[in-house]
Amino acid sequence: MTLLVVATGNPGKLREMQAYLANANWELTLKPQELEVEETGETFAANACLKASQVAKATGNWAIADDSGLQVDALNGAPGVYSARYGTTDSDRIARLLRELGDTPNREAQFVCAIAIARPDGTIALQTEGICHGEILYEPRGTGGFGYDPVFYVPQMQLTYAEMTPEMKRSISHRGKAFDTLLQKLETIANS
(Lines give C-alpha, C1' and ligand atoms only; values in the text may rest on other atoms or scores of the structure.)
Protein backbone atom coordinates (compact mmCIF):
# COMPACT_ATOMS: atom_id res chain seq x y z
CA MET A 1 0.00 0.00 0.00
CA THR A 2 1.33 3.44 -0.97
CA LEU A 3 1.28 6.30 1.55
CA LEU A 4 -0.74 9.32 0.40
CA VAL A 5 -0.41 12.47 2.51
CA VAL A 6 -3.60 14.53 2.63
CA ALA A 7 -2.67 18.21 2.41
CA THR A 8 -4.89 19.27 5.30
CA GLY A 9 -4.77 19.43 9.07
CA ASN A 10 -8.50 18.66 9.22
CA PRO A 11 -9.26 15.10 10.45
CA GLY A 12 -12.80 15.41 9.02
CA LYS A 13 -11.43 15.95 5.52
CA LEU A 14 -9.09 12.97 6.01
CA ARG A 15 -12.09 10.74 6.93
CA GLU A 16 -14.04 12.06 3.94
CA MET A 17 -11.18 11.27 1.55
CA GLN A 18 -10.72 7.84 3.16
CA ALA A 19 -14.40 7.11 2.44
CA TYR A 20 -14.01 8.10 -1.23
CA LEU A 21 -10.74 6.16 -1.62
CA ALA A 22 -11.73 3.14 0.50
CA ASN A 23 -11.18 0.65 -2.33
CA ALA A 24 -8.02 2.23 -3.69
CA ASN A 25 -4.61 0.88 -2.70
CA TRP A 26 -3.52 3.99 -0.76
CA GLU A 27 -2.92 4.56 2.93
CA LEU A 28 -4.00 8.10 3.80
CA THR A 29 -2.44 10.23 6.53
CA LEU A 30 -2.66 13.90 7.55
CA LYS A 31 0.13 16.31 6.64
CA PRO A 32 2.45 17.35 9.49
CA GLN A 33 0.70 20.02 11.56
CA GLU A 34 3.59 22.48 11.29
CA LEU A 35 3.52 22.34 7.48
CA GLU A 36 1.36 25.24 6.26
CA VAL A 37 0.74 26.04 2.61
CA GLU A 38 -0.61 29.47 1.71
CA GLU A 39 -3.37 29.32 -0.89
CA THR A 40 -2.20 31.98 -3.34
CA GLY A 41 -3.73 30.52 -6.51
CA GLU A 42 -6.43 32.36 -8.44
CA THR A 43 -8.39 29.16 -9.19
CA PHE A 44 -9.44 26.09 -7.23
CA ALA A 45 -7.21 23.94 -9.47
CA ALA A 46 -4.18 26.17 -8.87
CA ASN A 47 -4.65 25.99 -5.09
CA ALA A 48 -5.12 22.20 -5.12
CA CYS A 49 -1.95 21.75 -7.21
CA LEU A 50 0.00 24.17 -5.02
CA LYS A 51 -0.95 22.35 -1.80
CA ALA A 52 -0.38 18.85 -3.20
CA SER A 53 2.98 19.78 -4.71
CA GLN A 54 4.37 21.54 -1.63
CA VAL A 55 3.24 18.81 0.78
CA ALA A 56 4.67 16.08 -1.48
CA LYS A 57 8.06 17.82 -1.68
CA ALA A 58 8.15 18.54 2.05
CA THR A 59 7.27 14.96 3.07
CA GLY A 60 8.87 12.99 0.22
CA ASN A 61 5.59 11.11 -0.27
CA TRP A 62 2.67 11.17 -2.68
CA ALA A 63 0.20 13.90 -1.65
CA ILE A 64 -3.42 14.75 -2.39
CA ALA A 65 -5.11 18.13 -1.98
CA ASP A 66 -8.43 19.65 -2.84
CA ASP A 67 -9.78 23.14 -3.00
CA SER A 68 -13.41 23.95 -3.37
CA GLY A 69 -15.93 26.69 -3.03
CA LEU A 70 -19.03 28.42 -4.25
CA GLN A 71 -19.30 30.54 -7.39
CA VAL A 72 -22.36 32.76 -7.77
CA ASP A 73 -23.13 34.01 -11.28
CA ALA A 74 -24.70 37.32 -10.23
CA LEU A 75 -21.62 38.09 -8.10
CA ASN A 76 -19.21 37.48 -11.00
CA GLY A 77 -18.10 34.16 -9.51
CA ALA A 78 -17.69 35.37 -5.92
CA PRO A 79 -17.02 34.18 -3.32
CA GLY A 80 -14.96 31.69 -5.40
CA VAL A 81 -11.50 30.87 -3.99
CA TYR A 82 -12.37 33.14 -1.03
CA SER A 83 -15.43 31.04 -0.03
CA ALA A 84 -13.95 30.01 3.33
CA ARG A 85 -12.74 33.55 4.03
CA TYR A 86 -16.05 35.28 3.17
CA GLY A 87 -16.79 35.61 6.90
CA THR A 88 -15.62 34.22 10.22
CA THR A 89 -18.42 31.64 10.67
CA ASP A 90 -20.76 29.71 8.37
CA SER A 91 -23.67 31.95 9.40
CA ASP A 92 -21.54 35.08 8.72
CA ARG A 93 -20.65 33.78 5.26
CA ILE A 94 -24.29 32.95 4.42
CA ALA A 95 -25.51 36.33 5.74
CA ARG A 96 -22.92 38.18 3.63
CA LEU A 97 -23.80 36.14 0.53
CA LEU A 98 -27.54 36.78 0.92
CA ARG A 99 -26.93 40.48 1.67
CA GLU A 100 -24.77 40.90 -1.45
CA LEU A 101 -27.28 39.05 -3.64
CA GLY A 102 -30.24 41.00 -2.23
CA ASP A 103 -33.35 40.53 -4.39
CA THR A 104 -31.34 39.70 -7.54
CA PRO A 105 -33.52 37.31 -9.57
CA ASN A 106 -30.48 35.50 -11.04
CA ARG A 107 -29.67 33.01 -8.24
CA GLU A 108 -27.63 30.57 -10.37
CA ALA A 109 -24.52 29.20 -8.69
CA GLN A 110 -22.21 26.21 -8.66
CA PHE A 111 -20.04 24.44 -6.17
CA VAL A 112 -16.64 23.54 -7.64
CA CYS A 113 -14.09 21.06 -6.28
CA ALA A 114 -10.61 20.60 -7.73
CA ILE A 115 -8.39 17.71 -6.61
CA ALA A 116 -4.70 17.21 -7.35
CA ILE A 117 -2.31 14.36 -6.62
CA ALA A 118 1.43 15.05 -6.62
CA ARG A 119 4.34 12.63 -6.88
CA PRO A 120 6.98 12.68 -4.10
CA ASP A 121 9.08 15.11 -6.19
CA GLY A 122 6.17 17.57 -6.29
CA THR A 123 5.15 17.10 -9.93
CA ILE A 124 1.41 16.85 -10.47
CA ALA A 125 0.43 13.34 -11.51
CA LEU A 126 -3.31 13.84 -11.73
CA GLN A 127 -5.92 16.53 -11.33
CA THR A 128 -9.69 16.51 -11.63
CA GLU A 129 -12.60 18.86 -11.12
CA GLY A 130 -16.24 18.35 -10.22
CA ILE A 131 -19.08 20.86 -10.50
CA CYS A 132 -22.61 20.80 -9.08
CA HIS A 133 -25.00 23.40 -10.49
CA GLY A 134 -27.72 24.90 -8.34
CA GLU A 135 -29.31 28.09 -7.07
CA ILE A 136 -28.98 30.28 -4.00
CA LEU A 137 -32.19 30.45 -1.97
CA TYR A 138 -33.41 33.65 -0.31
CA GLU A 139 -33.15 32.02 3.12
CA PRO A 140 -31.50 28.89 4.62
CA ARG A 141 -33.24 25.49 4.63
CA GLY A 142 -32.14 22.27 6.34
CA THR A 143 -29.86 21.37 9.23
CA GLY A 144 -27.26 19.06 7.70
CA GLY A 145 -23.95 19.77 6.05
CA PHE A 146 -21.83 22.84 6.63
CA GLY A 147 -20.79 26.10 4.98
CA TYR A 148 -23.19 27.32 2.33
CA ASP A 149 -25.17 24.03 2.27
CA PRO A 150 -28.42 25.53 3.73
CA VAL A 151 -28.76 28.07 0.89
CA PHE A 152 -27.45 25.92 -2.00
CA TYR A 153 -30.52 24.40 -3.70
CA VAL A 154 -30.18 21.64 -6.32
CA PRO A 155 -33.28 21.76 -8.59
CA GLN A 156 -32.92 18.15 -9.85
CA MET A 157 -33.13 16.93 -6.23
CA GLN A 158 -35.56 19.65 -5.06
CA LEU A 159 -33.45 19.94 -1.89
CA THR A 160 -30.64 22.05 -0.49
CA TYR A 161 -27.35 20.34 0.31
CA ALA A 162 -28.34 20.78 3.99
CA GLU A 163 -31.58 18.81 3.44
CA MET A 164 -29.88 15.83 1.77
CA THR A 165 -28.64 12.69 3.48
CA PRO A 166 -24.83 12.43 3.41
CA GLU A 167 -25.09 9.58 0.86
CA MET A 168 -27.39 11.60 -1.41
CA LYS A 169 -25.12 14.65 -1.20
CA ARG A 170 -22.02 12.55 -1.96
CA SER A 171 -23.67 11.08 -5.06
CA ILE A 172 -24.37 14.46 -6.71
CA SER A 173 -21.98 16.90 -5.06
CA HIS A 174 -19.04 18.70 -6.64
CA ARG A 175 -16.65 16.73 -4.42
CA GLY A 176 -18.36 13.42 -5.25
CA LYS A 177 -18.09 14.14 -8.98
CA ALA A 178 -14.42 15.11 -8.66
CA PHE A 179 -13.62 11.91 -6.76
CA ASP A 180 -15.57 9.77 -9.27
CA THR A 181 -13.36 11.13 -12.06
CA LEU A 182 -10.26 10.75 -9.89
CA LEU A 183 -11.01 7.09 -9.10
CA GLN A 184 -11.34 6.30 -12.81
CA LYS A 185 -7.81 7.66 -13.40
CA LEU A 186 -6.14 6.60 -10.15
CA GLU A 187 -4.99 3.17 -11.27
CA THR A 188 -2.97 4.71 -14.09
CA ILE A 189 -0.73 6.64 -11.67
CA ALA A 190 -0.47 4.15 -8.82
CA ASN A 191 2.47 2.45 -10.45
CA SER A 192 4.11 5.48 -12.06
Side-chain angles (χ1 to χ4, degrees), residues 6-10 12-13 16-17 20 36-55 64-118 124 126-142 144-164 168-182 185:
V6 181
T8 183
N10 181 339
K13 189 168 275 193
E16 186 178 65
M17 286 195 183
Y20 282 116
E36 285 300 320
V37 180
E38 192 176 348
E39 295 180 10
T40 56
E42 293 183 14
T43 65
F44 299 116
N47 280 332
C49 289
L50 182 72
K51 291 188 285 188
S53 180
Q54 288 191 17
V55 168
I64 185 170
D66 76 333
D67 194 37
S68 59
L70 180 66
Q71 296 174 324
V72 180
D73 293 4
L75 300 178
N76 298 315
V81 294
Y82 303 104
S83 293
R85 299 179 291 263
Y86 219 52
T88 52
T89 65
D90 287 348
S91 54
D92 284 350
R93 288 183 274 278
I94 288 172
R96 179 178 175 187
L97 176 68
L98 295 180
R99 190 172 56 252
E100 289 183 4
L101 267 176
D103 292 332
T104 305
N106 177 5
R107 311 297 280 191
E108 290 183 33
Q110 52 274 331
F111 263 117
V112 179
C113 176
I115 302 171
I117 294 182
I124 300 300
L126 179 62
Q127 61 185 89
T128 64
E129 187 174 84
I131 297 173
C132 181
H133 295 278
E135 305 167 359
I136 302 300
L137 296 181
Y138 288 88
E139 57 188 49
R141 270 186 15 199
F146 59 92
Y148 300 95
D149 289 3
V151 292
F152 187 74
Y153 178 78
V154 182
Q156 75 188 56
M157 306 300 281
Q158 296 187 340
L159 297 168
T160 65
Y161 266 8
E163 295 173 307
M164 295 179 193
M168 190 184 297
K169 181 182 169 187
R170 250 193 318 273
S171 73
I172 62 109
S173 77
H174 54 301
R175 187 165 280 111
K177 290 176 181 179
F179 269 101
D180 283 348
T181 304
L182 181 86
K185 299 176 178 180

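Residue indices begin at 1 and follow the sequence shown.
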Using modelled atom types only, decide if a donor and an acceptor are shared between the side chain of [X] and the backbone of [Y] within a distance under 3.5 Å.
| X | Y | result |
| --- | --- | --- |
| R93 | A84 | yes |
| N106 | E108 | yes |
| S83 | G80 | yes |

[X] to [Y] - nearest heavy-atom pair and separation:
| X | Y | value |
| --- | --- | --- |
| A46 | G41 | CB-CA, 4.0 Å |
| D149 | G144 | CB-O, 4.3 Å |
| P150 | G142 | CB-O, 4.3 Å |

Using a 4.5 Å cut-off on heavy atoms from C-beta on, say whether the side chain of [Y] contacts that of [X].
| X | Y | value |
| --- | --- | --- |
| I131 | K177 | no |
| F44 | V81 | yes |
| R170 | F179 | no |

Taking atom OH as the centre, does Y82 end up with more than 12 heavy-atom neighbours from other residues, nucleotides or ligands that are less than 6.0 angstrom away?
no
Quick check on salt bridge (Lys or Arg N to Asp or Glu O under 4.0 Å): which of E39, E36, E38 does K51 satisfy it with?
E39
Going by side chain to side chain contact (heavy atoms under 4.5 Å, CB included), name the residues that satisfy it together with R141, two or more places apart in sequence or in a different chain.
L137, Y153, T160, E163
Pair M164, V154 - check side chain to side chain contact (heavy atoms under 4.5 Å, CB included), show working.
CA-CA 10 Å; M164 295 179 193; V154 182; 3.7 Å; yes
If you look only at pairs with a residue in residues 83-113, which of them pass as a ring-ring contact (aromatic ring centres under 6.0 Å, His included), with sequence neighbours excluded?
F111-F152, F111-Y161, F111-H174
